[in-house]
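Contents: one structure, followed by commentary.
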Number of protein chains: 2
Amino acid sequence: MSTEAGPQLVHPTPAETAMLVGQGLADDALITLFGRCRVEYDGRATSTLGPGDRHVMLKPDGAALVHTDEGQQPVNWQPPGCEHTVAVESETVVVESERSTPAESLRITFEAVVHAAAFDVTDASELSLTGTESDLRERILDDPDLVEPAFTPLATERSTPAGAVDIYGEDDDGRTVVVELKRRRVGPDAVGQLSRYVGALERDLHDDTEVRGILVAPSVTDRARELLAEKGLEFVSLEPPGE
Amino acid sequence: MSTEAGPQLVHPTPAETAMLVGQGLADDALITLFGRCRVEYDGRATSTLGPGDRHVMLKPDGAALVHTDEGQQPVNWQPPGCEHTVAVESETVVVESERSTPAESLRITFEAVVHAAAFDVTDASELSLTGTESDLRERILDDPDLVEPAFTPLATERSTPAGAVDIYGEDDDGRTVVVELKRRRVGPDAVGQLSRYVGALERDLHDDTEVRGILVAPSVTDRARELLAEKGLEFVSLEPPGE
DNA sequence: AGTTGCATCTCGAGC
DNA sequence: GCTCGAGGTGCAACT
């Protein structure tokens, strides 16, 4: 059976729009609206957006997205789990989306709706993604010599007082090694992260043997390299498998 | 004049869809498609997504978004600046989006198109947002005593070998103070950041007087508080202005 | 173009 | 629910 088209309206009246959106919300449909609107948001921050043409999407999981003609990111949004409502106020369509923890509300006021639609969505497929940090970890566990000859991984995600280290192991001389993985070129933040783990382990183990810290990533910025040197940490260039 | 509706098609044929998309791309329209499709991506990583119903948006700035029924984030996307193309291959509509630096390509293959539309977008308004870190900085510059009595800001975004500090100043005793601002509750990463700045300034100034580091945020996690204590850094609870 | 750090970051996993 | 870190993070400001 072919996919059914849901209701579609072009230049609907406020009442028609509210009817379609209300029914779409009841049916757990994916709803899209396009038209001239204003947007107000209040919650973790506060924002207002004056009149303009935007695309609005209401998802059945409670997410809301307001897109302008530019940018990958929505200009306003609400995360999944929100309650959407629609109403007609003074001849304008008002879409609201709210949640309570944290208290956040989004209010979209349409002065003109150009298009409204509700779609029934069936999507059983999951995204398959390769080239992640997890893939880089598997690559190293398969061949620890990629870090250095005779490196021996002992644990992954080993917890320390400063957080979990990506790979915990020891070198040819039996010294403790902390490996921090990054799937792409790294800056100073990754050095700080590795440094925290090394420091925490040195305090935790509090034996005399030093703890080595190795950052594994495709490359580092100049500043990150300086920070590595200052803190006595090491760098190994390695990329996640490319498929 | 009221906003014009662009072309709208319900259950279009592949040829009709390709025509609408091609014309929309030529007109710098915002294009939406809904239907059953597969998606392949290759670039910074690699992904494949099997058949399912999704909403596709092509923006005039070259961004592409593929949304499922769940989540605030698109399941696949392409950033602004990409070249979009549409073609009919073996009776299916294929939308491709590519860029060269870095080399990335997105390929969406529709086995059924339920809806296709192209919208003319006019949006002159800019988002006004309050409650940001920048607002918190202004709040402190207006009243430095919020950090501590007799704190004197001397510079913002002062550069150090480890990066730019949010507020650079001195305390009542003339000691150098580094202030790191966060608009929300902070974890260990923010402590590492402040620590880097303090360390870099101590080396840079290399006089005997210590450099104080103060983290200003609404609150801190337990781990972050421990790290602050270990590194001899301080915390002041303060929120960005709420409106 | 590369670097750095903010973001209403989002998202998932662990606790 | 909170915490923590990854992300094809996006994004702007600056060099």
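Chain naming here is simple, since letters A, B, ... match the order of the sequence lines and numbering starts at 1 in each.
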Give me the distance, rounded to whole Å, that separates [N] from [M] when you measure between the [atom1] atoms they each carry.
N: dT8(C); M: dT4(C); atom1: P; result: 23 Å
N: dC11(D); M: dC11(C); atom1: P; result: 15 Å
N: dG8(D); M: dC4(D); atom1: P; result: 22 Å

Heavy atoms, side chains only, cut-off 4.5 Å: are Asp171(B) and Arg212(B) in contact?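 A side-chain contact under 4.5 Å exists here.
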Produce a footprint string for nucleotides 5-15 of chain D: one letter per nucleotide, 5' end first; B if the base is under 4.0 Å from any protein heavy atom, S if only the sugar-phosphate is, - if neither. SSSBBSS----
With salt bridge (Lys or Arg N to Asp or Glu O under 4.0 Å) as the criterion, how do Arg99(A) and Glu83(A) come out once you've worked through the C-alpha distance, each side chain's angles and the decisive distance to 0.1 Å? CA-CA 6 Å; Arg99(A) 67 166 175 171; Glu83(A) 279 296 317; over 6 Å; no
Asp166(A)/Arg137(A) salt bridge by N-O under 4.0 Å criterion: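 A salt bridge is absent here (no side-chain N lies under 4.0 Å from a carboxylate O).
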Whether Glu89(B) and Arg107(B) form a salt bridge (side-chain N of Lys/Arg under 4.0 Å from carboxylate O of Asp/Glu) is what I want to check.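 The answer is yes: the pair qualifies as a salt bridge.
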With nearest nucleotide decided by heavy atoms, which residue, Thr221(A) or Thr101(B), maps closer to the 5′ end of DNA chain C?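 In this pair, the answer is Thr101(B).
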Rounding to an integer number of Å, can you tell me how far [X] [atom1] sits from [N] [atom2]?
X: Leu227(B); N: dT3(D); atom1: CG; atom2: P; answer: 14 Å
X: Arg137(A); N: dA13(C); atom1: CZ; atom2: C1'; answer: 12 Å
X: Glu157(B); N: dG5(C); atom1: CD; atom2: P; answer: 10 Å

Check the orientation of His55(B) and Phe34(B). Use parallel for under 30°, tilted for 30 to 60°, and perpendicular for over 60°.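 Ring orientation, 0 to 90° scale: tilted.
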Short side-chain to backbone donor-acceptor contact, His67(A) and Lys59(B), under 3.5 Å: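 Answer holds: no.
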